[in-house]
*Asks:* 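Starting off with a structure, shown below.
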Amino acid sequence: MASVFCFNNVIFRGVRNFRGNTFYAFKTVNTQIRNSSSAVNKSNNSYEYDLVVIGGGSGGLSAAKEATNLGAKVAVLDYVTPSPRGSKWGLGGTCVNVGCIPKKLMHQAALLGEAVKDAQSYGWQFPDAENISHSWDALRDAVQGHVKSVNWVTRVELRDKKVEYINGVGVFKDPFTVQTVTKQGERLLTAKYFLIAVGGRPRYPDIPGAIEYGISSDDIFSLPNEPGKTLVVGAGYIGLECAGFLRGLGYDATIMVRSVVLRGFDQQMAEVIAAEMQDKGVKFLHKCLPKAVEKLDDGKLKVTWVNAQKEEFNDVFDTVLFAIGRRALTRELDLAKAGVKVAGDGEKIDAVNEQTNVPHIYAVGDVLYKKPELTPVAIHAGRLLARRLFGDSTVNMDYENVATTVFSPLEYGCVGLSEEAATEKYGADNLEIYHGYYKPTEFFIPQRNISHCYLKVVALREGDQKVLGMHFIGPNAGEIIQGFAAAIKLNLTVQVLMNTVGIHPTIAEEFTRINVTKRSGKDPNPASCCS
Ligand code: FAD
Ligand code: NA7
């Protein structure tokens with residue numbers, strides 16, 4: 001267990017190296033600051049808590065629970081500032097309230113809409129097939145019901161594990177004190193360690209009407225009214241997913257793209273996804289920027305935008321959803337009082353093994369600079385950190401080869417390097433790119449569009465061809481890519497993939513059947529279902 005103690009206003013912090021030897025770093029404490037911390041037990045210079053976590057989302061809760069499992073005394077501060085539209089939610093952070101979970105449920109609703117159509121071709125009879133409709137209110141209520149049950153379970157779990165949950169905003173007063181105001185009044189919390197796990201919130205563009213009339217992912221899953229004809233501004237992960245499920249539910253959906261679709265992802269795969277969405281009826285406004293949102297007398301929203309040639313256009317929508325990225329919530333923490341530095345865009349924290357420039361203050365999750373903004377990343381990093389701080393572990397978080405999936409609704413799952421990133425790192429001549437289109441068996445009878453079911457394996461050219469990246473567009477891509485992510489961690493090669501016997505008839509087996517390289521110029525289309 002790492003140790004911290006204070007003697008004669010000098011803080012000694014034990015840091016264990018990888019061999020388990022403990023070295024002590026020391027630092028003189030500003031007496032004035034320390035004395036201002038009323039919560040400090042001055043008789044023995046100890047702190048009220050072993051760990052205070054600011055932010056009760058994926059990363060913060062995982063660290064808090066693991067730390068209490070290891071015997072630490074932990075408090076978690078969590079507070080949700082309402083969105084500009086007034087949306088607010090309970091304990092658990094972005095993922096369970098306004099992220100992964102409600103998104104996946106709405107994605108599932110969209111998939112079921114397609115399944116209803118497929119079902120008829122498989123012989124299911126719907127007496128009034130022409131009049132099947134979808135109720136936004138019923139979906140929203142079901143989703144919100146589930147979210148609230150998760151909030152409740154999370155609170156019970158914290159109580160059972162004896163993690164103190166404080167529903168208040170945490171702000172640093174000094175490097176060892178966080179202040180919060182709750183319904184019971186002001187509190188000052190002192191701790192040996194602090195964990196910043198405040199995540200982020202959606203950005204809005206600086207244009208007239210954006211904040212007044214627009215919504216974000218913070219609002220869509222609890223929207224009181226049907227979204228109707230929707231403009232989604234932003235063609236990243238969240239923009240594509242929201243437009244995808246809205247179209248799947250039957251709404252008119254348009255995506256405004258500033259530069260490219262899914263920047264940072266493999267661009268060939270991104271184009272295939274965009275083509276698939278377009279075939280499903282999603283409209284794209286390429287290389288356009290919003291200029292203003294104006295509310296009309298009938299309540300509809302008139303959006304004006306410009307294209308790359310500075311030509312101006314406008315259209316009227318029922319809903320305008322901004323998905324232009326997220327802002328880390330560090331400004332509100334008064335980090336300067338703790339001495340914690342921010343990096344890059346001035347909002348995120350650049351931490352080495354989750355440790356900030358202030359040794360006893362750590363950070364996990366979306367607040368970290370240049371790390372994937374994904375729930376399992378935050379959870380895993382938080383858990384490993386708690387084990388290093390309060391257990392015997394020396395295991396650090398590995399941020400490489402983290403798999404992810406865009407639920408678009410035909411899913412795009414990937415792990416490892418994109419073709420562009422691999423080319424930049426190794427050079428095109430040193431790579432072998434395997435690719436292929438395939439035909440999911442379940443698509444045949446309903447005659448669903450198979451033209452975008454595509455996969456790609458990015459590998460080194462030499463030897464057994466180490467796999468650097470795997471990309472898959474098709475049903476259940478998330479489920480498929482997860483297992484291959486473990487294989488990549490174990491240094492998967494193309495030789496091993498080709499020697500793996502597939503499960504037939506599945507679509508995951510397509511990865512074991514790869515044989516066409518881009519270099520060969522051969523047709524990547526399949527000859528038959530069982531070739
Ligand atoms: P959060 O979960 O955001 O938790 C931070 C908490 O801290 C919040 O409750 C916040 O209100 C609170 N807080 C902030 N400041 C303070 C303060 N000063 N004092 C007290 N409390 C504070 N990831 C996936 O892996 N898969 C997905 O499918 C996926 N889909 C997503 C879909 C959407 C629409 C969005 C928005 C995100 C999605 N993500 C997904 C990302 C995922 O939700 C985040 O990566 C994850 O929630 C980050 O966890 P975190 O602990 O860093 O922060
Ligand atoms: P992303 O992935 O950063 O995408 C943001 C999108 O919004 C992207 O297409 C941007 O275009 C676009 N953008 C950014 N600023 C603007 C402005 N001012 N106007 C119009 N369009 C803009 O963020 P997401 O919110 O989708 O996802 C964040 C993470 O959440 C994601 O990684 C998941 O892990 C969960 P650009 O490409 O920059 O030109």
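Since the model is a prediction, treat every value here as computed from it, not as a measurement. Each ligand, and each atom within it, is numbered from 1 in the order the structure gives.
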*Asks:* Could Lys229 and Phe317 be counted as a cation-pi pair, given that NZ or CZ must be under 6.0 Å from the ring centre and within 45° of the axis?
*Replies:*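 Judged by the rule, Lys229 and Phe317 form a cation-pi pair.
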*Asks:* Heavy-atom distances under 4.0 Å decide this one: backbone, side chain, both or neither, for Ala323 against ligand 2?
*Replies:* backbone
*Asks:* Considering only heavy atoms of Val80, which atoms of ligand 1 have at least one such atom less than 4.0 Å away?
*Replies:* 11 (O)
*Asks:* Give the contacting part of Val98 toward ligand 1: side chain, backbone, both or neither, where contact means a heavy-atom distance below 4.0 Å.
*Replies:*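 For Val98, only backbone atoms sit under 4.0 Å from ligand 1.
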*Asks:* Considering only the protein, which heavy-atom contact is closest to atom 2 (O) of ligand 1, and what is its distance?
*Replies:* Thr94 N, 3.0 Å
*Asks:* Mind checking whether Leu289 contacts ligand 2 via backbone (N, CA, C, O), side chain (CB onward), both or neither, at a 4.0 Å heavy-atom cut-off?
*Replies:*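 The part of Leu289 near ligand 2 is the side chain, not the backbone.
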*Asks:* I'd like to know if the side chain of Tyr251 pairs up with that of Glu226 as donor and acceptor (distance under 3.5 Å, no hydrogens or angles considered).
*Replies:* yes
*Asks:* Check whether any N or O atom of Gly236, backbone or side chain, sits under 3.5 Å from an N or O atom of ligand 2, and answer yes or no.
*Replies:* yes
*Asks:* Could an N or O of ligand 1 be found under 3.5 Å from any N or O of Ser58, whether backbone or side chain?
*Replies:*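 So ligand 1 has an N or O lying under 3.5 Å from an N or O of Ser58.
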*Asks:* Indicate yes or no for a side-chain donor-acceptor contact from Glu419 to the backbone of Met269 under 3.5 Å, with no hydrogens or angles considered.
*Replies:*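 A pair under 3.5 Å: no.
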*Asks:* Taking atom 27 (O) of ligand 2 as the point of reference, which of Ile238, Asp206, Val377, Val406 owns the nearest heavy atom?
*Replies:*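 Shortest heavy-atom distance from atom 27 (O) of ligand 2: Ile238.
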*Asks:* Just checking, is any N or O donor in the side chain of Asp218 or Ser87 under 3.5 Å from an acceptor N or O on the other one?
*Replies:* no
*Asks:* Which residue and atom name correspond to the protein heavy atom nearest atom 13 (N) of ligand 1, and how close is it?
*Replies:* Tyr79 O, 3.6 Å
*Asks:* Provide, to 0.1 Å, the distance between atom 28 (O) of ligand 1 and the closest protein heavy atom, together with that atom's residue and name.
*Replies:* Lys103 NZ, 2.7 Å
*Asks:* Only heavy atoms count here, so choose which of Gly57, Cys100, Gly93 is nearest to atom 31 (C) of ligand 1.
*Replies:*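 Going through Gly57, Cys100, Gly93 one by one, Cys100 has the nearest heavy atom to atom 31 (C) of ligand 1.
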*Asks:* Should the pair Phe245 and Phe221 be assigned to parallel (<30°), tilted (30 to 60°) or perpendicular (>60°) ring geometry?
*Replies:* tilted
*Asks:* With rounding to the nearest 0.5 angstrom, report the NE2 to CZ distance, His471 to Phe265.
*Replies:*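 With rounding to 0.5 Å, NE2 (His471) is 10.5 Å from CZ (Phe265).
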*Asks:* Taking atom NZ of Lys283 as the centre, does the number of heavy atoms from other residues, nucleotides or ligands within less than 6.0 Å exceed 12?
*Replies:*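 Atom NZ in Lys283 is packed in, count exceeds 12.
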*Asks:* Looking at ligand 1, does any of its N/O atoms fall within less than 3.5 Å of an N/O of Gly99?
*Replies:* no
*Asks:* Which one holds for Arg263 and ligand 2: side chain close, backbone close, both close, or neither close, with close meaning a heavy atom under 4.0 Å?
*Replies:*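 Under 4.0 Å from ligand 2, Arg263 contributes side-chain atoms alone.
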*Asks:* Within a distance under 4.0 Å of any heavy atom of Gly365, pick out the atoms of ligand 1 and give their elements.
*Replies:*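 What qualifies from ligand 1 is 52 (O).
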*Asks:* Return yes or no for this condition: an N or O of Arg201 is under 3.5 Å from an N or O of ligand 1.
*Replies:*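 Between Arg201 and ligand 1, no N or O pair is found under 3.5 Å apart.
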*Asks:* Check each atom of ligand 1 against the heavy atoms of Gly199 and keep those under 4.0 Å away; list them by number with element.
*Replies:*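 Counting from 1, the qualifying ligand atoms are 3 (O), 5 (C), 52 (O), 53 (O).
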*Asks:* Give the single entry among Thr330, Val198, Thr180, Val406 that approaches atom 14 (C) of ligand 1 most closely by any heavy atom.
*Replies:* Val198
*Asks:* How does Val233 reach ligand 2, by side chain, by backbone, by both or by neither, if only non-hydrogen atoms under 4.0 Å count?
*Replies:*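 Under 4.0 Å from ligand 2, Val233 contributes side-chain atoms alone.
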*Asks:* Below 3.5 Å, N or O to N or O, backbone or side chain included: is there any such pair between Ala235 and ligand 2?
*Replies:* yes
*Asks:* Assign the ring pair Trp305 / Phe313 to parallel, tilted or perpendicular, where the plane angle (0 to 90°) is split at 30° and 60°.
*Replies:* parallel
*Asks:* Do any nitrogen or oxygen atoms of Tyr237 come within less than 3.5 Å of a nitrogen or oxygen of ligand 1?
*Replies:*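 Min N/O separation from ligand 1 is below 3.5 Å for Tyr237.
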*Asks:* If the cut-off is 4.0 Å to any non-hydrogen atom of Thr375, which atoms of ligand 1 fall inside it?
*Replies:* 23 (N), 24 (C), 25 (O), 42 (C), 43 (O), 44 (C), 45 (O), 46 (C), 47 (O)
*Asks:* Consider only side-chain N and O atoms of Thr154 and Asn151, and report whether a donor and an acceptor are under 3.5 Å apart.
*Replies:* no
*Asks:* Gly59 to ligand 1: N or O pair under 3.5 Å?
*Replies:*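 Yes; at least one N/O pair falls below 3.5 Å.
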*Asks:* Does an N or O from Ile54, backbone or side chain, lie closer than 3.5 Å to an N or O of ligand 1?
*Replies:* no
